[in-house]
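One-based numbering, in listed order, for ligands and for the atoms of each.
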Amino acid sequence: MKDFDLIVIGAGPGGYVAAIKAAKLGMKTAIVENIKVGGTCLNRGCIPAKAMIHAAGLYKEISHEGEIIGVYADNVRFDYGKIVEYKQDTSDELVKGVEALLEGNGVTRIDGTGKILPDKNVCVKDAEGNETVYSAENVLLATGSVPSTIPVPGIDLPGVLTSDGVFQLTEMPESLVIIGGGVIGVEFATVFADLGAKVTIVEALPRILQNMDKEISQNLKMILKKADVDIHTGAMVKRIEETEDGLTVFYEEKDKELSATGQYVICAAGRKPYTEGLFGEGVDIAMDGPHIDTDETKAFETNVKGVYAIGDIVPGIKLAHMASAQGIYCVEKMAARRNGDDCQPDINLKAIPACVYTDPEIAQVGMTEADAKEQGIDVKVGKFIMSANGKSLITHEERGFIKVVAKADTDEILGAQMMCARATDMISEFVTAIANEKTVQQLLKAVRPHPTYNEGITEALEDTIGESLHTIPRRRR
Ligand code: NAD
């Protein structure tokens, strides 16, 4: 008799969601965590970042936009310490919620660092160094990722921070150089530029948000520049030095050595899987580079039967909602197998939205037009410029758009890209469509309320198969 049906190592959005789901499916479940439940997402990632983005956005809106609509707030100011406190309170409240959910669903919490041993035993070392071994039918590894740094001189200087370090700052920085114009880089640039810091982004690739639709990258670059953010692309960081004015980042751009100086440097150059100390002696889990190799068709089982891995430690998309979806998929299959079934979980892991919380927000799912071209798929593309959307006009949104990519012969929706207010909420309409293989016409059956940003979706869909209503016909322009 084993101690548990399932032991999950790591209580981030992958692990804790899987543990709750497993318990709901009748499995005797334990979860091992050595910091706080909620993982990176709740404690050092999505939630604290979005709290800071909310605070900074509110400050910018009150200070810059009130006057345009006749709302005057004198002496608008912020207290950085209080913003940090609000960010922390938000995370803490969500952490408490997850703790209550684990307890309420009967999941056993084991505090300490987990290590997998042969025969699906798990050794947990607590804060005092005491070790206890638990046995399980199944083990799920969900230990997530940690920020990666770049191998350049000066990367260890005090004041060179990863995203974890940024959340620990208690005073507002005056100036920052951000290495990396990926998601973390542009989100921090938004926060600190909105609060009035001088921000420089140094990105090695030809454009910021290289994995997103090209038009989105170009628009965001313009918007950030308007907010006084200096952006250098095709710029490879070579070293960092302490200078009289702060920390100077030296980079190579078009064969020239250039530099940017800031009070702090943020290294936002990606994240790497966290598997340190996870494997005990005699455990031979197959790896795929730094990631754990799994078989998606076998619900993320590793080469060791009964040992699974999900989230940032496996190859593929590193996003909280992806980890949670993989967790649910994995335990649904696991529970079915225990009953002798081979169920096909309902969740569709192919339609995974990506969201960036800049101003305006950015969201995309499925294929871009460029992806389709690369794969030789014939597509139609529809687009609606949001400056013609009533709600966007009311709320004084930045210029933005909604784009739809559909299969040329069947009108099946293959992708959508959005850059506008509430894009991160609205993208779900396209996720539903893609996950269920819906066509443009099927989405157009729905009447969207007025006045909303969602009306822009109707218009972009109409443009995909003809012409949107709120545009002047092309032939008459
Ligand atoms: P990223 O991979 O998105 O971007 C890192 C960038 O750093 C890349 O564009 C890369 O070219 C650049 N870079 C690397 N080395 C460099 C060098 N020497 N000089 C200049 N530039 C260099 O990684 P990230 O932004 O750190 O984010 C990490 C992970 O966290 C990603 O998987 C991301 O999707 C996830 N995340 C998601 C959200 C969200 O969903 N809103 C928010 C934050 C992070």
Enquirer: E455: what forms a side-chain hydrogen bond (donor to acceptor under 3.5 Å, both in side chains) with it, not counting sequence neighbours?
Expert: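 If we apply the side-chain hydrogen bond (donor to acceptor under 3.5 Å, both in side chains) test to E455, skipping adjacent residues, the hits are H450.
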Enquirer: Does the plane of the ring in Y59 sit parallel, tilted or perpendicular to the ring in F78? Use 30° and 60° as the thresholds.
Expert: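 Because their plane-to-plane angle is over 60°, the rings of Y59 and F78 count as perpendicular.
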Enquirer: Report yes or no: is the cationic atom of R239 (NZ for Lys, CZ for Arg) closer than 6.0 Å to the six-membered ring centre of F250, at no more than 45° off its axis?
Expert: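 Output yes; distance and angle both within limits.
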Enquirer: Can any side-chain N or O of R422 pair as donor or acceptor with the backbone N or O of D425 at less than 3.5 Å?
Expert: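 No.
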Enquirer: Side chain to side chain donor-acceptor pair (under 3.5 Å) between E241 and T248: does it pass, once the steps are laid out?
Expert: CA-CA 5 Å; E241 286 179 11; T248 301; over 6 Å; no
Enquirer: At less than 4.0 angstrom from any atom of ligand 1, which residues have a non-hydrogen atom? List them by chain and residue number.
Expert: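 Under the 4.0 Å cut-off, ligand 1 touches K50, I150, I179, G180, G182, V183, I184, E187, V202, E203, A204, L205, A235, M236, V237, A268, A269, G270, R271, K318, L319, C355, Y357.
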Enquirer: F188 and F167: aromatic ring centres closer than 6.0 Å?
Expert: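 Yes, ring centres under 6.0 Å apart.
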